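Below is one structure, written out as structure tokens; comments come after it.
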There are 2 protein chains.
Amino acid sequence: MRASDRAYMALREDIVEWRLRPGAILAEVEQSERLGVSRTPVREALSRLTAEGLTTAAGGRGVVVTDISLENIDELFELRETLEVRAAALAAERGEASVFAELRARLLDAPALLSEDDPARHEYYALVGRLDEAIDAAISNSYLANAMRSLRVHLVRVRRLAADDAARLHAAAAEHAAIAEAIADGNPRLAEAATILHLHRSLTHVKAVHPAR
Amino acid sequence: MRASDRAYMALREDIVEWRLRPGAILAEVEQSERLGVSRTPVREALSRLTAEGLTTAAGGRGVVVTDISLENIDELFELRETLEVRAAALAAERGEASVFAELRARLLDAPALLSEDDPARHEYYALVGRLDEAIDAAISNSYLANAMRSLRVHLVRVRRLAADDAARLHAAAAEHAAIAEAIADGNPRLAEAATILHLHRSLTHVKAVHPAR
DNA sequence: TAATGCCCATTTGTATACAAAGCCCGTCTG
DNA sequence: CAGACGGGCTTTGTATACAAATGGGCATTA
């Protein structure tokens with residue numbers, strides 16, 4: 001694997017896992033020493049991160065990690081709803097029913113994944129990720145799929161902010177199952193409604209967890 | 001201005017103006033000699049273009065200009081409609097009425113801009129661009145605005161494919177004026193409808209111009 | 001004391017040398 | 001004759017040296 005890819009993944013991981021907080025300054029030499037590669041691959045990695053909106057160039061003082069907080073979260077979810085509602089509808093029109101029927105079944109079993117003590121909820125998020133991928137594949141629209149992929153990077157950052165408890169994840173799994181069911185049934189309007197409901201609940205939960213300063 | 005910026009703009013211009021056709025191979029040394037800079041800024045420029053989706057890395061044979069044709073145009077317009085319909089509705093909710101009222105008036109005068117013999121329709125497209133910028137500003141959502149900005153780069157490429165005649169541009173100006181009017185009136189549903197109508201007409205025109213192989 | 005201009009340190013921007021990796025083509029072999 | 005294999009060449013990937021630009025701190029001055 002290329003050094004620039006490793007640098008990119010390492011930095012992106014550090015940012016979405018909040019090890020590099022919003023506002024942190026990433027100097028090229030500093031990061032190149034930390035990651036054990038030269039400035040060139042670090043530079044390319046920072047370029048890609050900036051293109052994605054995870055960092056922004058800050059004049060003569062390196063690039064800074066983009067701010068994400070409750071101020072922007074409404075904007076983020078506005079775009080998310082725009083894209084995901086449409087994607088769900090298109091998936092309902094074009095997707096393979098069997099794929100989503102199976103995902104629905106697995107999502108209904110999701111509480112089993114959460115009962116084990118896995119603090120990172122790895123299995124659960126992997127399952128949700130599979131639903132995302134299935135929708136991406138079903139819509140067969142590379143432009144829309146790319147837009148959603150770039151959006152998801154930002155959403156993972158918010159995940160940490162949400163600090164979901166088991167109760168919320170149980171409910172979210174049921175909501176995801178409802179989306180999968182609507183898509184499997186080939187019902188676009190229902191898929192839209194289920195998506196709107198899920199996103200509304202997610203956003204409400206995040207805001208409830210955090211003090212509305 | 002930085003050499004990498006110049007290289008980026010030059011290459012992007014060459015691609016959207018179809019001087020570099022889809023499938024063309026861009027080798028780093030070749031382009032660096034052509035643009036009179038070293039490989040490093042060319043490399044960064046190609047990186048940015050690839051992130052935008054205008055080029056794709058092609059293994060050990062340089063980056064190639066992304067294919068765009070009637071096969072993908074449906075996908076492109078699907079994303080376009082998703083974003084622009086929502087943006088128009090949000091602009092109607094949040095925009096300054098006076099700004100859009102003035103743009104509407106100018107758009108109704110657009111035929112005057114087209115009567116002069118300006119083959120590139122520079123003035124006309126600048127006016128449409130001002131409407132886009134006004135919508136971007138009105139929605140006050142940086143994520144959505146960025147998504148639309150990155151989409152527009154691809155749309156400019158399609159513009160060449162469309163080969164709009166004067167009659168189509170007259171009609172399009174009227175459609176844009178209708179969108180501006182709906183936003184100025186603060187009527188989100190009407191703004192959505194006007195946008196859907198405009199995009200449908202645009203896509204239909206492109207497909208009519210080109211033989212439906 | 002607050003504003004302003006200058007100087008220096010730090011950081012990014014560019015060029016280039018060298019290393020590694022992938023493709024193309026010729027050859028060999030079944 | 002078709003397919004696999006290997007060498008050479010082209011192209012990208014990485015490191016580093018040097019240039020330019022920007023920001024921060026200090027001194028100066030109104």
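In what follows, every chain begins at residue 1, and chains take the letters A, B, ... in the order their sequences are listed. Treat the numbers as computed from the prediction; the structure is a model and nothing was measured.
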Assign each of Gly59(B) and Val29(A) the nucleotide of DNA chain C bearing its closest heavy atom; nearer the 5' end lies the nucleotide of Val29(A)
Result for 5'-nearest mapping on DNA chain C, choosing between Gly62(A) and Thr40(A), is Gly62(A)
Plane angle bin for His198(B) and His176(B) - parallel if under 30°, tilted between 30 and 60°, otherwise perpendicular: tilted
Return the value, rounded to whole Å, for the distance between atom [atom1] of [X] and atom [atom2] of [N].
| X | N | atom1 | atom2 | result |
| --- | --- | --- | --- | --- |
| Leu35(A) | dA15(D) | CG | C1' | 15 Å |
| Arg6(B) | dT14(C) | CZ | C1' | 11 Å |
| Met1(B) | dA21(D) | CE | P | 13 Å |
| Gln31(A) | dT14(D) | CD | C1' | 18 Å |
| Glu44(A) | dA15(D) | CD | C1' | 14 Å |
| Glu33(B) | dT16(C) | CD | P | 11 Å |
| Leu46(A) | dT11(C) | CG | P | 14 Å |
| Glu30(A) | dT10(C) | CD | P | 14 Å |

Which atom pair, heavy atoms only, marks the closest approach of Leu46(A) to Thr55(A)? O-OG1, 3.8 Å
Distance-minimising heavy-atom pair for Thr50(B) and Thr56(B): CG2-CA, 4.2 Å
For the OG atom of Ser142(B) and the CD atom of Glu75(A), what is their distance to the nearest 0.5 Å? 4.5 Å
Walking DNA chain D from its 5' end, the first of Gly36(A) and Glu28(B) to be reached, judged by nearest nucleotide, is Glu28(B)
Which listed nucleotide (dT12(D), dT14(C), dA15(D)) is nearest to the side chain of Pro41(B)? dT14(C)
Can you identify which nucleotide, out of dA15(C), dT14(C), dA15(D), has its nearest atom closest to the Val37(B) side chain? dA15(C)
Distance below 4.0 Å between Arg43(B) side-chain N/O and dG13(D) OP1 or OP2: yes
Give a yes/no on whether any side-chain N or O of Arg39(A) is located under 4.0 angstrom from OP1 or OP2 of dT14(D). no
Under the salt bridge (Lys or Arg N to Asp or Glu O under 4.0 Å) criterion, do Arg106(A) and Glu102(A) qualify, and how do the steps go? CA-CA 6 Å; Arg106(A) 288 187 184 274; Glu102(A) 201 220 319; 2.7 Å; yes
Assign Leu26(B) to base, sugar-phosphate, or nothing according to its heavy-atom contacts below 4.0 angstrom with the strands shown. sugar-phosphate
Donor/acceptor link under 3.5 angstrom from Arg61(A) side chain onto base of dG24(D): no
